[in-house]
Amino acid sequence: FVFWVLVTHTYDTVAVGLATTLLSVSGLLSLLGLAGFDTTFVRFLPGSDRKNEYINSGFIVVTIASACLAVGLGVLLPVVSPSFSMLGRAEVFAGFVFFTVVTALNIVTNAVFLAFKEAKYILIINTIFSVFKVALPLLALGGGAMMIFSLAGSAQLLGLVLSIVWMKREFGYRFSPRLHVDALRLVRKFSLSVYASSVLNLLPPTLLPLIIVYHMGPSKAAYYYMAFTIAGVLYTIAYASMQSVFAEGSHDEVALRSHIIKAAKFVGALLLPAALLTAVASSLWLTAFGQEYARSAAALLQLFALGALPVAVYSALGAIFKVTKDLRGMVGMNVAYATVILGLSYVLVPRLGIVAVGWAWIIGNTAAAGIGALFLINSPKQQEA
C-alpha cells in the first residue's frame, strides 16, 4: 500500500496502469508456473521422509515452467497490444522473465515454511522485504512502467534470497539440481487438480487489468488496481486465516472442524468491521494515491469491501477441499468463480465502466461459494458424517 502511494505520486497514471498490468500478468505467469506445488508442499511435506528431494524437484519444475510461460507471453504481449512495445527491448524482456521466475520461487518458499509450521519466518522475511520495497521508489525516481515493475521485482528477489538462507539454516535445506521424478509421481493427481484450481482462482485478479486496458485504457487499470490493493488488505484476513486452517488440517485432519470454527470466529470479529469501515471511508483511503484515484475508484472499492464476506466463505471452502482432497469440489467451485467474474466483467465494463468489475467480483465469489457448498454437502465424507 505504501509502495503504491509513493509510486502514484511519482509516476503518471499511464505508467502506473501499464506497470500494474505487467505485474498482474507476471503474477499470473508465476502462479501458472507453480504447477500446484505451493499447495502440494503444505499438504504432503509434513509426512514426507524425502523433504529435500521433493523441495528441489518442485523448485526445478517451477523455474522451468514459469520461465517458459514468461518467454511465451513476453513475445506475444507486444503483438497483442502496442502499449507493451517496451518488451521488444532485450533488457526489458530479460527482466520480465527473470522477475517472473523469482516471484514464482518466492511463493513456493513460503509454502515450505507453512509446511514446517514456521509461518513466523514468513512474517520476518515479508517485513524486511516490505521495508526494502517501500524504500526503492525513494531511491529511483526516473523511468516509466518498466522501472516500477523492476522495483517491485527487486523486492521479490530480496525475499527469495532471505527465504533460501533461512531454509538452509533452520531446516537443513540443501539445493541439488537433480529432478526426482519418482517423488513427484506420488502426488501427481493432487498437484494437477490443485494446479487447475489455482489457475482458475488467480485468473480474475490478473486478467481484469488486461480487460480494462483493452476496453478503457491504462489509466482506468491504474484506478482499478489501487482499489483492489486496498481491498486485498481486507481479503488477507480471510486468506491468511484459511491458509492457517489448511496448514493445521494437513497435520491433523481430524481436528479440521475445530480449526474452521476458530478461524471463522476470528474472521467474523475482524473482517466485518474492517469491511464496513473501508466501504464508508473508500474515498479517504484512495485519496492517499491522489484525488483522481478517489474520484474514479471510490464506488469500485465500496463494492470490493461488500464482497469481503463471500470471499471469506469461498476461502474457507477452498481450505476444506484441499485438506480433505475433495478435488471435484475444489475445481468445480473455481470454475464458477473464474467464469462468472471474467465473463461479467468482459461484457459489462464497456457499458458500466470499472464499477462493473466490483459487481462481477461480488456475484462471482457468491456463486463460487454456493457451488462449493453444494459440493461439500454432497461429498461422500460429509454424507458419512
Side-chain angles (χ1 to χ4, degrees), residues 1-29 70 73-96 99-100 103 133-134 136-155 204-232 282-283 285-301 304 345-346 349-358:
F1 181 87
V2 177
F3 172 81
W4 286 113
V5 168
L6 295 173
V7 166
T8 53
H9 283 82
T10 305
Y11 298 85
D12 61 54
T13 54
V14 172
V16 173
L18 290 174
T20 53
T21 304
L22 271 179
L23 285 167
S24 294
V25 170
S26 176
L28 173 61
L29 298 178
L73 196 63
V75 171
L76 181 62
L77 206 53
V79 177
V80 174
S81 175
S83 298
F84 300 102
S85 58
M86 68 278 215
L87 287 171
R89 302 201 305 269
E91 69 278 10
V92 174
F93 183 85
F96 177 75
F99 286 126
T100 298
T103 301
K133 185 175 182 179
V134 168
L136 287 175
L138 302 174
L139 301 176
L141 300 178
M146 195 59 200
M147 174 58 75
I148 301 172
F149 178 85
S150 299
L151 295 179
S154 297
T206 48
L207 291 185
L208 285 172
L210 286 176
I211 292 174
I212 296 170
V213 168
Y214 177 76
H215 286 298
M216 305 187 71
S219 295
K220 297 295 184 181
Y223 302 144
Y224 151 80
Y225 195 90
M226 296 312 141
F228 196 78
T229 296
I230 296 173
S282 59
S283 294
W285 301 127
L286 286 162
T287 302
F289 302 110
Q291 289 297 331
E292 69 273 26
Y293 289 89
R295 285 192 299 270
S296 302
L300 177 60
L301 178 55
F304 281 151
S345 296
Y346 189 83
V349 163
R351 296 171 174 80
L352 303 178
I354 60 173
V355 73
V357 174

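Predicted model only: the values in this text are computed from it and were never measured.
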**Q.** Shortest non-hydrogen contact from T287 toward A294
**A.** OG1-CB, 3.7 Å
**Q.** With sequence neighbours excluded, residues passing side chain to side chain donor-acceptor pair (under 3.5 Å) with T21
**A.** none
Q: Return the set of residues passing side chain to side chain donor-acceptor pair (under 3.5 Å) with S154 (not counting sequence neighbours), or none when no residue passes.
A: none
Q: Supply the atom-to-atom distance K133 NZ to L6 CG, rounded to the nearest 0.5 angstrom.
A: 11.5 Å
Q) If you look at every heavy atom in A288 and H9, which pair is closest and at what distance? A) O-CE1, 2.6 Å
(Q) Please enumerate all residues that pass side-chain contact (heavy atoms from CB on, under 4.5 Å) together with V79, with sequence neighbours excluded. (A) none
Q: Search all heavy atoms of A145 against all heavy atoms of A19 and return the closest pair with its distance.
A: O-CB, 3.5 Å
Q: Apply side-chain contact (heavy atoms from CB on, under 4.5 Å) to L73 and list each qualifying residue two or more places apart in sequence or on a separate chain.
A: V25, L29, L76
Q. To the nearest 0.5 Å, what is the distance between OG1 (T100) and CG (L28)?
A. 10.0 Å
Q.
My understanding is that only residues two or more places apart in sequence, or in another chain, count here; which of them pass side chain to side chain donor-acceptor pair (under 3.5 Å) with T8?
A. none
Q: Report the residues that fulfil side-chain contact (heavy atoms from CB on, under 4.5 Å) with I230, sequence neighbours left out, ordered by chain and then residue number.
A: F1, T278, W285, L286, F289, L301
**Q.** Closest non-hydrogen atom pair between P78 and L87, with its separation
**A.** CG-CB, 3.7 Å
Q | Residue pair F93, L77: steps toward the side chain to side chain contact (heavy atoms under 4.5 Å, CB included) verdict | A | CA-CA 11 Å; F93 183 85; L77 206 53; over 6 Å; no
Q: Please report the closest heavy-atom contact between G17 and A221, naming both atoms and the distance.
A: O-CB, 4.3 Å
Q) Does F99 reach the side chain of L23, with side-chain heavy atoms less than 4.5 Å apart? A) no
Q: Carefully, step by step, assess M226 and V16 under the rule side chain to side chain contact (heavy atoms under 4.5 Å, CB included).
A: CA-CA 10 Å; M226 296 312 141; V16 173; 3.7 Å; yes
Q.
Which residues pass the ring-ring contact (aromatic ring centres under 6.0 Å, His included) test with F149, not counting sequence neighbours?
A. F96
Q: Only counting residues at least two apart or in another chain, list the ones meeting salt bridge (Lys or Arg N to Asp or Glu O under 4.0 Å) with R295.
A: none
(Q) Quick check: do V7 and T10 have side-chain heavy atoms less than 4.5 Å from each other? (A) no
Q. If we only count heavy atoms from C-beta on, is the Y223 to T13 side-chain gap below 4.5 Å?
A. yes
Q.
According to ring-ring contact (aromatic ring centres under 6.0 Å, His included), who are the partners of F3, at least two apart in sequence or on a separate chain?
A. none
Q. Looking at residues at least two apart in the chain, or sitting in another chain, which of them share a side chain to side chain donor-acceptor pair (under 3.5 Å) with T20?
A. none
Q) Minimum heavy-atom separation for L208 to S345, with atom names? A) CD2-OG, 3.3 Å
Q. What pairs of residues pass the salt bridge (charged side-chain N to carboxylate O under 4.0 Å, His left out) test when at least one of them lies in residues 83-92, not counting sequence neighbours?
A. R89-E91
Q) Out of curiosity, L300 CG to Y225 OH, how far, rounded to the nearest 0.5 Å? A) 14.0 Å
**Q.** Rounded distance (nearest 0.5 Å) linking atom CZ of F228 with atom OG of S24
**A.** 9.0 Å
Q.
Can you list everything that forms a side-chain contact (heavy atoms from CB on, under 4.5 Å) with Y214? Sequence neighbours excluded, please.
A. Y346
